[in-house]
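One structure below.
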Amino acid sequence: MGRLNDLAAAGQAVWLDFVDRKFLAEGGLRKLVDEDGLTGVTSNPSIFEKAMGHGDAYDAALAEFDKANPDASTMARYEHLAIQDIQNAADTLRPVYDRLGGKDGYVSLEVSPYLANDTDETIAEAARLWAAVDRPDLMIKIPGTPAGVPAIAATIAAGINVNVTLLFSIEAYKAVALAFVAGLEQRVSRGEPIDRIASVASFFVSRIDSKIDDKIDAGIGGEDAKAIKGKVAIANAKLAYAWYEDFIASDRWQKLAAKGAMPQRLLWASTGTKNPAYPDTLYLDTLIGKNTVNTVPPKTLDAFRDHGTVAQTLGADVDAARHVLAEADRLGLDLPGVTDTLVEEGVTSFAKAFDDLLGSIAAKHPAVA
């Protein structure tokens with residue numbers, strides 16, 4: 001038993017923010033599940049671009065698919081490869097899912113980032129990918145954009161697990177939490193079960209500090225702002241968790257819990273430290289709390305296993321967190337503007353990674369557009 005196992009004892013699930021065919025084939029995921037208590041996997045277009053777009057790990061599977069489907073589009077070829085990886089990861093995690101009664105053991109697959117601002121197409125793609133993967137321990141990733149919010153409600157109402165991604169602000173998080181509840185309530189109104197529907201709300205962390213710290217380094221907020229450098233993202237996450245705790249104690253949630261509903265857990269994403277001046281386990285050590293998930297890139301996972309600190313930190317010093325955000329507002333650091341920008345940049349970044357991914361796959365079969 002090591003530090004990563006200790007996180008599970010503290011009530012926090014550890015997921016791996018990485019998927020790769022060679023890693024899966026060589027038993028890398030199974031080893032983390034068996035030895036470190038890992039209980040989930042997340043993917044995104046950037047991860048798949050690195051996995052599929054470089055090297056030859058996917059070439060044999062792609063050639064086999066091309067032979068059987070010579071007229072397939074580049075998108076179909078990508079999906080064939082991605083679905084194979086996701087099914088493989090889901091099957092590796094299935095014993096975890098079964099052991100925990102569906103409370104964990106999930107692998108996530110993202111809808112196309114091109115659909116981030118299209119509600120109806122997102123709903124349709126979520127249903128299509130859910131059917132194609134055909135695994136109960138799948139979560140469909142839907143961005144927490146304004147168009148994504150009603151898509152989340154509809155997808156939950158359809159009985160599909162959802163990982164809400166690209167959340168940066170507490171207000172955006174509240175909107176998707178309420179969309180999750182609305183989806184469950186629709187099912188209840190139709191007499192449908194809600195006890196096996198899982199969701200996480202992926203709240204991004206380190207990118208907020210990168211933006212705010214740049215402003216502080218540029219002189220915004222003056223000397224006073226230096227006192228909150230590297231603290232805004234953590235404070236933001238702590239207040240999101242405080243809202244979550246209040247909400248699951250509410251009558252509205254308790255009615256659903258009485259019917260077996262599982263709460264939508266907050267998931268901390270973008271937890272690799274971007275600033276080398278900060279501890280490499282900063283966004284794990286400071287965000288440990290019950291009923292949460294931390295999805296961790298491999299390098300950060302190794303760092304925490306080696307020298308992370310396990311303590312109930314997420315619910316501690318909440319008043320200090322409120323003070324940090326009040327100072328950020330008083331000093332003109334414009335956290336709402338930063339979080340709005342980060343959502344737009346996140347959508348653009350994932351779309352660019354998807355462009356690159358499809359381009360690299362097309363290059364391996366130039367005759368197909």
Side-chain angles (χ1 to χ4, degrees), residues 7-15 33 37-42 90-91 93-109 123 126-127 129-131 133-142 144 148-165 167 173-203 240-268 289-295 314-315:
L7 280 177
Q12 183 168 74
V14 181
W15 289 7
V33 170
L38 192 87
T39 56
V41 171
T42 48
D91 291 345
L93 288 162
R94 183 62 185 269
V96 176
Y97 174 87
D98 290 339
R99 174 171 55 83
L100 298 176
K103 291 180 172 60
D104 214 332
Y106 290 93
V107 58
S108 298
L109 176 63
I123 294 168
L129 292 174
W130 174 257
V133 174
D134 192 25
R135 298 292 190 276
D137 54 337
L138 173 70
M139 281 188 177
I140 300 296
K141 291 180 84 170
I142 297 175
V149 171
I152 292 157
T155 303
I156 291 292
I160 297 170
N161 307 315
V162 174
N163 176 340
V164 184
T165 188
L167 295 173
Y173 161 57
K174 290 178 183 178
V176 303
L178 296 176
F180 165 67
V181 167
L184 293 179
E185 289 170 341
Q186 286 181 48
R187 292 184 64 79
V188 170
S189 72
R190 297 194 297 257
E192 295 168 346
I194 58 172
D195 59 319
R196 280 279 177 153
I197 299 172
S199 182
V200 294
S202 296
F203 206 86
Y241 184 69
W243 184 88
Y244 159 83
E245 288 193 304
D246 287 343
F247 183 70
I248 61 169
S250 70
D251 289 343
R252 185 177 181 185
W253 175 254
Q254 287 302 314
K255 288 177 183 176
L256 294 170
K259 297 181 183 297
M262 297 183 287
Q264 181 189 58
R265 290 176 293 171
L266 270 161
L267 176 152
W268 312 121
K290 296 183 186 302
N291 261 340
T292 60
V293 182
N294 201 315
T295 185
L314 192 53

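Everything numeric in this text was worked out from a predicted model, so none of it was measured.
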Residues forming a salt bridge (charged side-chain N to carboxylate O under 4.0 Å, His left out) with Asp195, sequence neighbours excluded: none
Does Arg99 have any side-chain hydrogen bond (donor to acceptor under 3.5 Å, both in side chains) partners at least two apart in sequence or in another chain, and if so, which? none
If you apply the rule side-chain contact (heavy atoms from CB on, under 4.5 Å), what do you find for Val149 with Phe180, and how did you get there? CA-CA 9 Å; Val149 171; Phe180 165 67; over 6 Å; no
Which side-chain N or O atoms in residues 152-164 pair as donor and acceptor under 3.5 Å with protein atoms at least two apart or in another chain?
{"unit_1": "Thr155", "atom_1": "OG1", "unit_2": "Ala151", "atom_2": "O", "d": "2.7"}
{"unit_1": "Asn161", "atom_1": "OD1", "unit_2": "Ala198", "atom_2": "N", "d": "2.9"}
{"unit_1": "Asn161", "atom_1": "ND2", "unit_2": "Pro136", "atom_2": "O", "d": "3.0"}
{"unit_1": "Asn161", "atom_1": "ND2", "unit_2": "Leu138", "atom_2": "O", "d": "3.0"}
{"unit_1": "Asn163", "atom_1": "OD1", "unit_2": "Ser202", "atom_2": "OG", "d": "2.7"}
{"unit_1": "Asn163", "atom_1": "ND2", "unit_2": "Ser108", "atom_2": "OG", "d": "3.1"}

Decide yes or no for Lys259 and Val188: does some side-chain heavy atom of the first lie under 4.5 Å from some side-chain heavy atom of the second? yes
Check step by step if side-chain contact (heavy atoms from CB on, under 4.5 Å) holds for Tyr106 and Thr42. CA-CA 8 Å; Tyr106 290 93; Thr42 48; over 6 Å; no
Among all residues two or more places apart in sequence or in another chain, which pass the ring-ring contact (aromatic ring centres under 6.0 Å, His included) test with Tyr244? Tyr241
Taking the side chain as every heavy atom from C-beta outward, state whether Leu266 and Val200 have any pair of such atoms under 4.5 Å apart. no
Asp137 and Ala90 have their tightest heavy-atom pair at OD2-O, 2.6 Å
Among all residues two or more places apart in sequence or in another chain, which pass the side chain to side chain contact (heavy atoms under 4.5 Å, CB included) test with Val33? Leu29, Leu38, Leu93, Val96
At their closest point, which heavy atom of Pro263 faces which heavy atom of Ile248, and how far apart are they? CB-CG2, 4.2 Å
Got a second to check how far Gln186's CD is from Ile194's CD1, nearest 0.5 Å? 12.0 Å
Can you check whether Ile142 reaches Ile140 side chain to side chain, under 4.5 Å on heavy atoms? yes
Across all chains, not counting sequence neighbours, the side chain to side chain contact (heavy atoms under 4.5 Å, CB included) partners of Glu192 are Arg187, Arg190
Please name all residues satisfying side-chain hydrogen bond (donor to acceptor under 3.5 Å, both in side chains) with Thr165, sequence neighbours left out, ordered by chain then number. none
In Å, rounded to the nearest 0.5 Å, how long is the span from CZ of Arg135 to OH of Tyr97? 12.5 Å
Under the rule for salt bridge (charged side-chain N to carboxylate O under 4.0 Å, His left out), what residues qualify as partners of Lys174, not counting sequence neighbours? Glu171
Let me see the working for Asn294 and Gln12 under side-chain contact (heavy atoms from CB on, under 4.5 Å), right down to the final yes or no. CA-CA 7 Å; Asn294 201 315; Gln12 183 168 74; 4.0 Å; yes
Worked check of side-chain contact (heavy atoms from CB on, under 4.5 Å) between Val181 and Trp253: CA-CA 8 Å; Val181 167; Trp253 175 254; 4.0 Å; yes
Which residues pass the salt bridge (charged side-chain N to carboxylate O under 4.0 Å, His left out) test with Arg196, sequence neighbours left out? none
Side chain to side chain contact (heavy atoms under 4.5 Å, CB included) partners of Ala13, counting only residues at least two apart: Trp15, Thr39, Asp104, Arg265, Val293
Does the side chain of Leu267 come within less than 4.5 Å of Phe203's, by heavy atoms? no
Inter- and intrachain pairs under salt bridge (Lys or Arg N to Asp or Glu O under 4.0 Å), touching residues 241-256, at least two apart: Glu185-Arg252
Grab the two heavy atoms, one from Ser199 and one from Gln264, that are nearest each other, plus how far apart they are. OG-NE2, 3.0 Å
